[in-house]
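First comes the structure, then the notes that go with it.
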Amino acid sequence: MNRADEIASNFLQVKEKISVAAKGCGRDLDQLTLIAVTKTFPTTDLEMLYSLGIREFGENRDQEASVKAAQLPSDINWHFQGGIQSNKLKSICSWASVIHSVDQYRYAQKISEYSLNKTMKIFIQVSLDKPVESRGGVDPEKLNDLAGQISLLPNISIMGVMAVAPVDQPAEPAFAQLQQIHQSFIAYYKDAKYLSAGMSGDYEMAISYGATHLRIGSSILGNRPPIK
Ligand SMILES: *Cc1c(COP(=O)(O)O)cnc(C)c1O
């Protein structure tokens, strides 16, 4: 099978699994956004995804994504979901439509400052790890305070909450906890309707716990080439 057929066939399978998972828990497919996580994959792969109709691409590193964004059509929404470095935020704000990994007020301040003629959509990343905050993400107990502060900044819109399943604990109770965190956050901040959760290994489970934005890489693109 050539690369284009391989990607097309993987994409079809993922879409089918999403559809079955959504049906299984009474979720509407229209409420789900699939983000193809393309980090470390070459621009030629992204072009194949584009020709399959995909317009949401996820990247983790500014250096790599800024080059890809310049090479691909401008109707793509680029999602930044990697660990934030302050000195990269100005560039990230120039190509990204959505930043999923905001976990500190100082990052939000910079995003606000660098998003002058637009509104940057962000997710606040919460930590599901024990110990809490060990791999990025804010302690869920501090979420409302952080959101309250961020909501006062211009040029930023809080879409909701993002999380990654813990590495050394089962995903299911963590996703159940995440759904509760999200529900009580919506009660406090009603515009934060969205939940960015679910990767290749756990997106069907994430759908059943309320995820709206699925970040899926290797199930569509195969094993990731090593980072250069
Ligand atoms: C790489 C990455 C993904 C996609 O991971 P896969 O297992 O390849 O689907 C999703 N979210 C984040 C934050 C990532 O870094």
Side-chain angles (χ1 to χ4, degrees), residues 3 6-7 9-18 21 32-42 45-46 48-49 52 54-66 68-69 76-85 88-89 92 95-104 107 111 121-129 133-138 140 159-172 174-175 178 181-182 194-228:
R3 182 65 174 152
E6 183 189 349
I7 289 177
S9 144
N10 289 346
F11 176 52
L12 218 68
Q13 279 183 39
V14 167
K15 277 213 301 196
E16 180 59 25
K17 286 185 180 172
I18 289 174
L32 302 179
T33 300
L34 166 60
I35 301 161
V37 176
T38 50
K39 64 183 184 216
T40 76
F41 288 99
D45 283 358
L46 279 69
M48 292 167 190
L49 293 170
L52 294 170
I54 298 179
R55 294 294 180 270
E56 313 296 323
F57 290 81
E59 289 279 340
N60 281 39
R61 293 198 316 153
D62 170 62
Q63 214 181 339
E64 178 185 338
S66 57
K68 288 174 170 173
I76 291 171
N77 293 316
W78 294 92
H79 297 252
F80 181 81
Q81 52 184 30
I84 293 179
Q85 291 172 279
K88 297 286 164 58
L89 273 176
I92 291 168
W95 55 264
S97 307
V98 187
I99 300 178
H100 289 243
S101 41
V102 177
D103 59 2
Q104 293 188 34
Y107 298 149
I111 292 167
K121 295 174 181 169
I122 67 157
F123 285 88
I124 299 179
Q125 183 176 352
V126 295
S127 168
L128 303 177
D129 293 315
E133 294 185 348
S134 51
R135 287 188 309 148
V138 69
M159 309 240 319
V161 176
M162 178 274 213
V164 179
V167 273
D168 46 8
Q169 295 149 65
E172 187 142 16
F175 280 140
L178 178 62
I181 292 165
H182 184 224
Y194 301 102
L195 179 59
S196 171
M199 310 181 14
S200 289
D202 54 28
Y203 64 90
E204 291 154 287
M205 186 189 287
I207 291 169
S208 73
Y209 288 99
T212 62
H213 287 62
L214 315 168
R215 310 178 311 266
I216 303 179
S218 47
S219 287
I220 301 174
L221 290 161
N223 289 333
R224 255 187 298 280
I227 291 173
K228 279 159 265 161

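Order of appearance sets the numbers: ligands from 1, and atoms from 1 within every ligand. All values below come from the heavy atoms of this structure, side chains included, with hydrogens, waters and symmetry mates left out.
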Starting from atom 1 (C) of ligand 1, find the nearest protein heavy-atom neighbour and note its residue, name and distance. Lys39 NZ, 1.4 Å
Per-atom contacts, ligand 1 versus Ser218 - under 4.0 Å to a heavy atom: 6 (P), 7 (O), 8 (O), 9 (O)
Quick one: do Ile35 and Val98 satisfy side chain to side chain contact (heavy atoms under 4.5 Å, CB included)? Show the steps, please. CA-CA 11 Å; Ile35 301 161; Val98 187; over 6 Å; no
Between Asn60 and the options His79, Gln81, His100, the side-chain contact (heavy atoms from CB on, under 4.5 Å) test singles out Gln81
For Lys121, I'd like to know if atom NZ has over 12 heavy atoms of other residues, nucleotides or ligands within 6.0 Å. no
Would Thr38 and Glu59 count as having a side-chain donor-acceptor pair, cut-off 3.5 Å? yes
Give the residue and atom name of whichever protein heavy atom lies nearest to atom 11 (N) of ligand 1, and the separation in Å to one decimal. Arg215 NE, 2.9 Å
Please list the nearest protein heavy atom to atom 6 (P) of ligand 1 with its residue and the distance rounded to 0.1 Å. Ser200 OG, 3.5 Å
Check each atom of ligand 1 against the heavy atoms of Ile216 and keep those under 4.0 Å away; list them by number with element. 9 (O)
Atom 5 (O) of ligand 1: which protein heavy atom is closest, and how many Å away? Met199 CE, 3.5 Å
Decide, yes or no, whether a salt bridge links Lys39 with Glu64 under the criterion of side-chain N to carboxylate O below 4.0 Å. no
Report, in ascending order of atom number, the atoms of ligand 1 lying under 4.0 Å from any heavy atom of Asn60. 14 (C), 15 (O)
Taking both backbone and side-chain atoms of Ser219, is any N or O found less than 3.5 Å from an N or O belonging to ligand 1? no
Is it true that, when you exclude Tyr194 itself, more than 12 heavy atoms of the residues, nucleotides or ligands shown sit nearer than 6.0 Å to its OH? no
Looking at ligand 1, would His100 count as a contact under a 4.0 Å heavy-atom criterion? no
Nitrogen or oxygen of Gly217 less than 3.5 angstrom from that of ligand 1: yes
Which of the listed options, Gln81, Gln125, Arg61, His213, holds the heavy atom that is closest to atom 13 (C) of ligand 1? Gln81
Please lay out, stage by stage, how Gln169 and Leu128 fare under the test side chain to side chain contact (heavy atoms under 4.5 Å, CB included). CA-CA 10 Å; Gln169 295 149 65; Leu128 303 177; over 6 Å; no
Using a distance-only test with no angle check, is there a side-chain donor-acceptor pair under 3.5 angstrom linking Glu56 and Asn77? yes
